[in-house]
Participant: 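Mind looking over this structure? Questions follow.
Just so we're clear, the structure is a prediction, and the values are computed from it rather than from any experiment.
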Amino acid sequence: MTLLDADVIHDARRLKPAAVQRVLQSQVAPVYRIAYALAGRWDVGRGIARFVLNRSVRMMPKWKPDDDPANWYHRFTIMTSRRSAHHRPADPRQDVLVLQAAPPAPPEYVAFVSAVRKLDAQQREAFLLWHGEKLNPRYCALAMDCSTEAAQNHLKAAEDALRLVAGADYDPLVKKLQDAYAHLTPDEAQLIPTVNKVVFRQVRLRRWARWVALLAKIILVAALAWGAWKLYEIVQR
């Protein structure tokens, strides 16, 4: 997890482009991993990640000085993913956690990933955040917007259910899933243009639009003042 110093967060809250870019660069990879893992589909996960990144810039001015950006991104990615939960892969073999596993994916692994998809939402979140994203109990709880005890209970329920499915193969299957999860991170060549596009649209373009709007107001006021002056000259003749 990349730590950001207070000055960067302070400048990001003021929507300074360089600071916003650094915040996004520090969080874009986990946002995509979590989105892909929870959605199970490339297209849905990509849509979730892009929405979260764009929305985050609009929310930055509302962040408190002591807020941890990682917590915000984890939680908002989870919340957004919950609204897309019904878009799960129709074919378990096309699940991103299967596609990213070392080929060929054995039937027992496909069945294991399918069982993960059938867990209750919070159990699935706890399992993937703990085993995939490697978040500690506190960060899991913050991401899921629940108490640490509740997050651990969801994790235990998920592990108990999956052990019934996997039996003696549980540990190797979890390891295979962890390896697949690690490969969900997009290539840096994809992430950099994504971040740059968000900064351009959400910061630079909006800033330019505000300046254009201000300039238009100044021109309008000047035109009205000039018109009023000309009218005054006519009346005085």
Side-chain angles (χ1 to χ4, degrees), residues 1 27-53 73-137 139-140 143-144 151-191 193-194:
M1 187 178 300
Q27 301 301 322
V28 62
V31 166
Y32 269 95
R33 280 195 303 269
I34 295 171
Y36 283 145
L38 291 176
R41 289 172 47 174
W42 297 120
D43 55 345
V44 177
R46 190 177 302 113
I48 292 169
R50 288 175 177 174
F51 177 80
V52 170
L53 295 173
Y73 281 96
H74 292 156
R75 183 170 64 254
F76 199 69
T77 305
I78 294 287
M79 299 301 117
T80 306
S81 297
R82 287 176 181 174
R83 297 197 293 270
S84 306
H86 57 287
H87 293 298
R88 68 178 57 184
D91 184 351
R93 293 170 297 180
Q94 296 303 309
D95 193 295
V96 298
L97 289 171
V98 173
L99 295 174
Q100 293 301 95
E108 57 269 24
Y109 177 70
V110 176
F112 184 75
V113 172
S114 180
V116 170
R117 295 290 166 217
K118 294 175 183 176
L119 293 170
D120 289 341
Q122 289 182 299
Q123 293 178 14
R124 180 169 57 255
E125 292 163 6
F127 183 83
L128 292 173
L129 291 174
W130 177 264
H131 289 286
E133 196 60 29
K134 308 292 187 181
L135 297 186
N136 63 36
Y139 271 85
C140 282
M144 296 169 61
Q152 291 179 316
N153 288 338
H154 289 310
L155 174 61
K156 184 178 185 306
E159 291 177 332
D160 289 346
L162 293 173
R163 287 183 188 278
L164 291 176
V165 173
D169 292 330
Y170 175 79
D171 289 335
L173 290 174
V174 170
K175 178 63 170 62
K176 193 171 185 68
L177 182 142
Q178 290 172 331
D179 291 340
Y181 188 103
H183 285 88
L184 294 180
T185 307
D187 187 84
E188 188 173 356
Q190 295 175 268
L191 294 181
T194 297

Participant: Could you go step by step and tell me if Tyr170 and Glu159 meet the side-chain contact (heavy atoms from CB on, under 4.5 Å) rule?
Facilitator: CA-CA 9 Å; Tyr170 175 79; Glu159 291 177 332; 3.3 Å; yes

Participant: Can you tell me how far CZ of Arg82 sits from CZ of Arg124, rounded to the nearest 0.5 angstrom?
Facilitator: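 Here the rounded value is 10.0 Å.
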
Participant: Is it true that a side-chain atom of Arg33 and a backbone atom of Leu184 form a donor plus acceptor pair closer than 3.5 Å?
Facilitator: no

Participant: Could you pull out the closest heavy-atom pair between Ala49 and Ala35, with the gap in Å?
Facilitator: N-CB, 4.1 Å

Participant: Mind running side-chain contact (heavy atoms from CB on, under 4.5 Å) on Leu119 and Leu162 for me, showing each step along the way?
Facilitator: CA-CA 9 Å; Leu119 293 170; Leu162 293 173; 4.1 Å; yes

Participant: Taking all atoms of both residues into account, what is the closest heavy-atom pair of Thr194 and Tyr32, and its distance?
Facilitator: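 For Thr194 versus Tyr32, the nearest heavy atoms are CG2-OH, 3.6 Å.
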
Participant: Got a donor-acceptor contact below 3.5 angstrom from the Arg117 side chain to the Leu38 backbone?
Facilitator: yes

Participant: Please tell me if the side chains of Tyr73 and Val28 come closer than 4.5 Å, counting only heavy atoms from C-beta onward.
Facilitator: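 Not touching, per the 4.5 Å side-chain cut-off.
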
Participant: Any non-hydrogen side-chain atom of Arg75 less than 4.5 Å from a side-chain atom of Tyr139?
Facilitator: no

Participant: For side-chain contact (heavy atoms from CB on, under 4.5 Å), just list the numbers for Phe127 and Val174, CA-CA rounded to whole Å, side-chain angles, deciding distance to a tenth of an Å, and then say yes or no.
Facilitator: CA-CA 10 Å; Phe127 183 83; Val174 170; 4.1 Å; yes

Participant: Working to the nearest 0.5 Å, report the span between CG of Asp95 and CZ of Arg93.
Facilitator: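 Answer rounded to 0.5 Å: 12.5 Å.
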
Participant: Can a donor-acceptor pair be found, under 3.5 Å and without considering hydrogens, that links the side chain of Thr80 to the backbone of Phe76?
Facilitator: yes

Participant: So does Asp160 pair up with Lys156, basic N to acidic O under 4.0 Å?
Facilitator: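 Answer for the salt bridge query: yes.
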
Participant: Atom NZ of Lys176 and atom CG of Asp169: how far apart are they, to the nearest 0.5 Å?
Facilitator: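 The distance works out to 12.0 Å.
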
Participant: Taking NZ in Lys134 as the centre, count heavy atoms belonging to other residues, nucleotides or ligands within less than 6.0 Å. Is the count above 12?
Facilitator: yes

Participant: To check you understand the geometry: which heavy-atom pair defines the closest contact between Leu129 and Ala143, and what is its length?
Facilitator: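 Residues Leu129 and Ala143, closest heavy atoms: CD1-CB, 3.9 Å.
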
Participant: Quick check for you: to the nearest 0.5 Å, what is the distance between Gln122 atom CD and Cys140 atom SG?
Facilitator: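 Atom-to-atom, Gln122:CD and Cys140:SG are 12.0 Å apart.
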
Participant: Hey, what do you get for CG (Leu128) to CG (Leu155), rounding to the nearest 0.5 Å?
Facilitator: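 Result: 10.5 Å between the selected atoms.
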
Participant: Donor-acceptor pair, Gln100 side chain versus His183 backbone, under 3.5 Å?
Facilitator: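 Judged by distance alone, yes, a pair lies under 3.5 Å.
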
Participant: Before you tell me yes or no, could you show the steps for Tyr181 and Ile34 under side-chain contact (heavy atoms from CB on, under 4.5 Å), namely the whole-Å CA-CA distance, both residues' side-chain angles and the distance that decides it to 0.1 Å?
Facilitator: CA-CA 9 Å; Tyr181 188 103; Ile34 295 171; 3.5 Å; yes

Participant: Considering all heavy atoms of both residues, which atom of Leu173 and which atom of Ala166 are nearest to each other, and what is their separation?
Facilitator: CD1-CB, 3.7 Å

Participant: State, to 0.1 Å, how close Gly40 and Pro89 come at their nearest heavy-atom pair, and which atoms those are.
Facilitator: O-CG, 3.2 Å

Participant: Could you grab the distance from atom OH of Tyr36 to atom CG of Asp43, nearest 0.5 Å is fine?
Facilitator: 9.5 Å

Participant: Taking all atoms of both residues into account, what is the closest heavy-atom pair of Ala151 and Ala126, and its distance?
Facilitator: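 Looks like O-CB, 3.9 Å.
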
Participant: Around Glu108, counting heavy atoms of other residues, nucleotides and ligands shown, do more than 12 lie under 6.0 Å from its CD?
Facilitator: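 More than 12 heavy atoms, drawn from other residues, nucleotides or ligands, come within 6.0 Å of this atom.
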
